[in-house]
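No hydrogens, no waters, no symmetry mates; every other heavy atom, side chains included, goes into these values. These figures come from a predicted structure and were not determined experimentally.
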Amino acid sequence: GGPEGEAGEDDSGEYTVDGVTYLDGKKHEEKLKSNTPCQVWLEERDEWMDAVIIKVAKTFVPNTQIVLHKVDVAFYLPEQMVGSKEEEEDELSKDLADAADAAAEEASNAAKRAEAAEEKAKAVALATASAA
């Protein structure tokens, strides 16, 4: 998936498409902060949507090295994207949107990994409790 004309990812988690550089949220988690514009891939619409990060939360899974990241985003309505500097805003929106998109995708993946880790942690806790 990803924008058309998307270049391959390098190890830095940066993508450049049509002269615009996007950051992979998985590799740039430290940049996922509230009020940061981004883009989120919406499966049901099969497209990247402009959004803004409204909240970032970290959850530390007890007795593991696992840190879960949850990123809440709000989507822009099309009329909110219109302005006199439409061209410049579009480029900035794309940059930020891609970062947000990657962040949301990472958050989704992290949530899945967290659920799996939580299930494993429960199983370990049950096994530990049973052995005690």
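Contact detail for Tyr15 and Asp24: the closest heavy-atom pair is OH-OD2, 3.5 Å. Scanning all heavy atoms of the two residues, the minimum distance from Val71 to Leu32 falls at CG2-CD1, 4.1 Å. Nearest heavy-atom pair, Ile54 versus Ser34, reported as atom, atom and distance to 0.1 Å: O-OG, 3.4 Å.
For Lys31, the side-chain contact (heavy atoms from CB on, under 4.5 Å) partners are Leu23, His28, not counting sequence neighbours.
How far NZ of Lys27 is from CD of Glu14: 10.5 Å, rounded to the nearest 0.5 Å.
Counting only residues at least two apart or in different chains, salt bridge (Lys or Arg N to Asp or Glu O under 4.0 Å) contacts with residues 33-45 comprise Arg45-Glu47.
Residues Trp41 and Asp46 have side chains in contact (heavy-atom distance under 4.5 Å, counting atoms from C-beta outward).
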